[in-house]
**Q** 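Input: one structure, supplied below.
The sequence lines fix the lettering, A, B, ..., with proteins before strands; numbering per chain opens at 1. All heavy atoms count here, side chains included; hydrogens, waters and symmetry mates do not. Everything numeric here is computed off the predicted structure, so don't read it as measured data.
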There are 4 protein chains.
Amino acid sequence: MRIALINENSQAAKNGMIYNSLKKVADTKGYTVDNYGMYSAEDSNSLTYVQNGILAAILLNSGAADYVITGCGTGEGAMLALNSFPGVICGHVCDPSDGYMFAQINDGNAIAMPFAKGFGWGAELNLEYTFEKLFSEESGQGYPRERAIPEQRNKKILDVVREHTLKDILTCLKGLDQELVKGAVGGEKFSELFFANCKDESIAEYVKSLLA
Amino acid sequence: MRIALINENSQAAKNGMIYNSLKKVADTKGYTVDNYGMYSAEDSNSLTYVQNGILAAILLNSGAADYVITGCGTGEGAMLALNSFPGVICGHVCDPSDGYMFAQINDGNAIAMPFAKGFGWGAELNLEYTFEKLFSEESGQGYPRERAIPEQRNKKILDVVREHTLKDILTCLKGLDQELVKGAVGGEKFSELFFANCKDESIAEYVKSLLA
Amino acid sequence: MRIALINENSQAAKNGMIYNSLKKVADTKGYTVDNYGMYSAEDSNSLTYVQNGILAAILLNSGAADYVITGCGTGEGAMLALNSFPGVICGHVCDPSDGYMFAQINDGNAIAMPFAKGFGWGAELNLEYTFEKLFSEESGQGYPRERAIPEQRNKKILDVVREHTLKDILTCLKGLDQELVKGAVGGEKFSELFFANCKDESIAEYVKSLLA
Amino acid sequence: MRIALINENSQAAKNGMIYNSLKKVADTKGYTVDNYGMYSAEDSNSLTYVQNGILAAILLNSGAADYVITGCGTGEGAMLALNSFPGVICGHVCDPSDGYMFAQINDGNAIAMPFAKGFGWGAELNLEYTFEKLFSEESGQGYPRERAIPEQRNKKILDVVREHTLKDILTCLKGLDQELVKGAVGGEKFSELFFANCKDESIAEYVKSLLA
């Protein structure tokens with residue numbers, strides 16, 4: 001599994017700490033972590049949480065990432081932005097039990113975490129423990145286990161609803177303010193990480209046209 | 001303000017308790033609470049969290065409600081479903097500080113709460129305290145206050161993105177499995193509450209056609 | 001009611017913020033807040049959490065305070081220290097529901113809060129909301145209300161146990177390292193606040209002898 | 001390490017669930033868990049949280065247990081009761097980060113957990129995760145690690161203070177209402193578990209005299 005980390009500007013200074021917690025857990029599972037930044041509060045390419053949503057949608061829909069870890073001050077803005085795009089199911093996850101239950105019940109492909117609210121002593125412990133439980137078992141097996149069948153059914157119905165209510169990803173991306181999208185893919189290491197892993201020609205072409 | 005309460009099947013038994021906590025706070029503000037059910041675990045009209053999303057979208061887009069309080073076991077499913085529709089900005093809100101910050105930073109029109117996770121002694125206190133803080137001040141003023149301007153800007157950008165990425169509400173509703181939508185509007189008191197408050201002719205007509 | 005605020009060295013920089021949150025709530029109730037410091041990280045009189053316990057015990061046993069608000073990084077150290085003295089029943093209180101339940105079930109006279117763990121955005125909201133609920137009703141009425149009788153009975157049995165297992169307060173204080181006790185009462189405003197409100201001659205005399 | 005589990009009456013029905021979570025973690029460490037009950041809500045030997053304190057004090061001071069896991073509705077009553085006895089340092093621990101930090105900073109020998117407050121879906125996950133982190137590393141190494149020295153120093157000072165302020169354990173036990181103490185040691189499996197592991201002759205004798 002290829003996990004992308006995306007941080008927005010207000011909590012960009014915490015990128016290194018979050019990356020380390022995530023990598024520590026991913027390494028034990030043999031997963032790869034791609035750090036798409038922002039890398040620090042002084043990062044020249046600033047991302048808003050709306051841009052986190054755009055970037056996450058590009059990565060997940062193109063297959064460049066299988067999972068996205070993101071967040072903002074409370075996690076709510078990033079969660080809302082990611083869920084505004086097709087092909088993204090983003091939970092709001094604050095603690096280890098959240099991590100486990102979101103993976104098992106909702107079987108999404110992204111989480112948005114609070115990187116400022118409640119983020120004091122022990123925050124890096126909570127991150128690590130949450131990643132451990134988010135990735136502790138194959139997702140989508142239901143919680144509690146005896147509710148697996150209705151939970152899996154609802155997840156599939158939700159997927160169908162979202163496929164219908166949201167436009168297709170390229171229509172979504174092309175219809176947005178293109179400066180906003182450019183900013184989302186303007187990170188220092190974006191091209192290096194993205195083009196090596198993108199599995200969708202049409203999205204790759206569109207992104208190339210933007211960066212040209 | 002007219003607040004709609006919507007519960008799904010897994011936690012339907014808690015509807016009365018949630019309604020009481022919400023009404024207690026709404027009354028102090030002069031707000032109205034419309035309880036759309038489910039009213040109990042035995043309610044003949046069962047709602048899944050996906051249907052909570054459909055119902056919330058109908059209520060908010062038609063002006064029949066100004067705010068929706070909903071949830072499910074962890075709150076994640078209901079949150080995902082609501083955010084799958086245009087005209088809905090649904091936070092995942094677990095405690096009083098969440099309530100205040102979501103109102104001030106994200107200025108949404110719906111929250112999804114966990115009605116099973118962490119729901120033990122004190123759960124009814126936590127509900128009441130959370131509603132108090134969600135509705136304690138005019139929303140959208142920023143948190144912390146000195147960040148109001150970028151936060152309001154991001155909220156507007158998110159609104160524009162969602163207007164673009166999501167299809168219009170009637171296209172959304174008409175394209176879904178119509179049995180799913182019928183179930184969403186099949187509650188015992190739906191017609192009584194909805195038609196008295198709906199402000200959109202075309203949504204009212206569509207809903208009437210469904211119920212015919 | 002006279003409420004004393006006591007901070008230890010590791011989180012002393014937050015004293016002003018905590019005081020403001022506490023005073024905001026106390027003012028609405030007509031309660032007085034005595035700020036015993038530490039007042040800042042640079043305060044010349046440093047308090048450890050053990051000294052918070054000594055100071056709290058002096059204030060509560062002498063009647064100079066009716067309630068103590070204290071804490072440390074996680075709140076655990078301060079809680080342990082306060083509960084090491086007779087006449088003190090100190091809860092570990094982290095959120096508004098904790099505040100309400102500790103007041104109603106345990107009917108103590110002190111709380112220790114985490115001033116670093118989980119202390120990020122919204123921490124000052126959580127403090128204020130917690131004080132609101134801690135002091136929202138007369139304490140000791142039971143939670144849930146129908147359990148008031150066994151809860152009040154257990155509280156009385158606990159009081160009797162602690163009266164027996166702990167030595168009397170002057171024996172406790174006089175048997176400690178007197179430099180440790182001196183530090184506990186060495187704050188800039190200690191004498192001004194304490195002697196004006198102390199209701200116990202023998203404790204006042206002992207403290208005077210220490211400060212001589 | 002020999003870990004004792006003690007439940008009081010209000011949450012006795014959860015004993016089996018708590019035991020399973022604890023045993024699952026203890027087994028991975030090679031620790032033994034002694035379940036002192038209560039074993040169910042119908043257990044003929046009812047324990048109040050005050051009696052949890054008495055029993056914990058007997059087990060820890062006699063060496064029959066090295067660590068005590070206990071709790072009550074909010075965890076506050078059990079925590080207060082345990083800390084009313086010499087030789088016991090009991091934290092109030094609600095989540096995995098609490099578990100880790102209490103072990104590393106405060107290096108206690110008991111925790112009291114909330115078995116009703118916040119105890120809903122995911123509660124058994126939270127228990128298991130908390131035990132994992134409580135016992136994840138040798139305790140008392142400091143958190144954050146660079147604060148180990150002052151934290152260890154404060155812990156030693158607290159131990160000395162408690163040795164002084166609290167009477168010796170047999171004086172404590174003998175001075176209490178002996179019916180209260182008898183109830184604390186009246187559990188179905190108490191004698192079997194206790195006498196096999198007790199390392200203190202005088203406590204064993206006193207307990208035998210009670211049970212005679």
Side-chain angles (χ1 to χ4, degrees), chain B residues 14 16-18 20-22 24-25 28-29 91-108 111 113-148 150-151 154-155, chain C residues 14 16-18 20-22 24-25 28-29 91-108 111 113-148 150-151 154-155:
Chain B
K14 294 168 186 162
M17 172 202 200
I18 301 162
N20 288 339
S21 297
L22 179 55
K24 193 168 163 186
V25 174
T28 68
K29 298 281 171 183
H92 180 242
V93 166
C94 308
D95 64 33
S97 311
D98 271 355
Y100 184 79
M101 286 190 268
F102 177 69
Q104 296 306 320
I105 299 171
N106 304 98
D107 196 13
I111 63 167
M113 304 182 82
F115 294 136
K117 191 208 166 213
F119 208 91
W121 267 23
E124 82 294 352
L125 300 174
N126 189 54
L127 289 176
E128 182 185 327
Y129 300 167
T130 301
F131 297 138
E132 270 180 33
K133 302 311 176 187
L134 181 70
F135 296 124
S136 64
E137 298 181 5
E138 189 194 347
S139 68
Q141 298 187 81
Y143 177 85
R145 279 292 190 272
E146 61 270 23
R147 288 183 55 82
E151 286 173 2
N154 284 333
K155 154 73 165 121
Chain C
K14 294 167 184 162
M17 172 201 201
I18 300 161
N20 289 338
S21 298
L22 178 56
K24 195 169 162 185
V25 173
T28 69
K29 298 280 172 184
H92 180 242
V93 166
C94 305
D95 63 33
S97 312
D98 271 354
Y100 184 78
M101 285 190 269
F102 176 69
Q104 296 307 320
I105 300 171
N106 305 98
D107 196 12
I111 64 168
M113 305 182 81
F115 294 137
K117 192 208 167 214
F119 208 90
W121 267 24
E124 82 293 353
L125 300 173
N126 189 56
L127 289 176
E128 184 185 326
Y129 300 168
T130 302
F131 297 137
E132 270 179 34
K133 303 312 177 188
L134 181 69
F135 296 123
S136 63
E137 297 180 6
E138 189 193 348
S139 66
Q141 300 186 82
Y143 176 86
R145 278 293 190 272
E146 62 269 24
R147 290 183 54 80
E151 287 173 4
N154 284 332
K155 155 73 166 125

**Q** Is C:L127 in contact with chain B via its backbone, its side chain, both, or neither, using a 4.5 Å heavy-atom distance?
**A**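 Neither; nothing under 4.5 Å.
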
**Q** If you take all heavy atoms of C:A148 and C:Q141, which pair is closest and at what distance?
**A**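 Closest pair (atom of C:A148, atom of C:Q141, distance): CB-O, 3.3 Å.
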
**Q** For chain C, find which of B:P144, B:G122, B:P96, B:A123 contributes the most heavy-atom pairs closer than 4.5 angstrom.
**A**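 Result: the option with the highest number of such pairs is B:G122.
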
**Q** Below 4.0 angstrom, N of the basic side chain to O of the carboxylate: do B:E132 and C:K133 qualify?
**A** yes

**Q** Given a strict heavy-atom distance threshold of 4.5 Å, which part of B:E124 is in contact with chain C: side chain, backbone, both, or neither?
**A**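 For B:E124, side-chain heavy atoms alone lie under 4.5 Å from chain C.
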
**Q** Short question: side chain of C:K29, backbone of C:F135 - any donor-acceptor pair under 3.5 Å?
**A** yes

**Q** Could you check whether any side-chain N or O of B:Q104 sits under 3.5 Å from a backbone N or O of B:E138, counting only pairs where one atom can act as donor and the other as acceptor?
**A**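 Yes; judged by distance alone, with no hydrogens or angles, the pair exists.
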
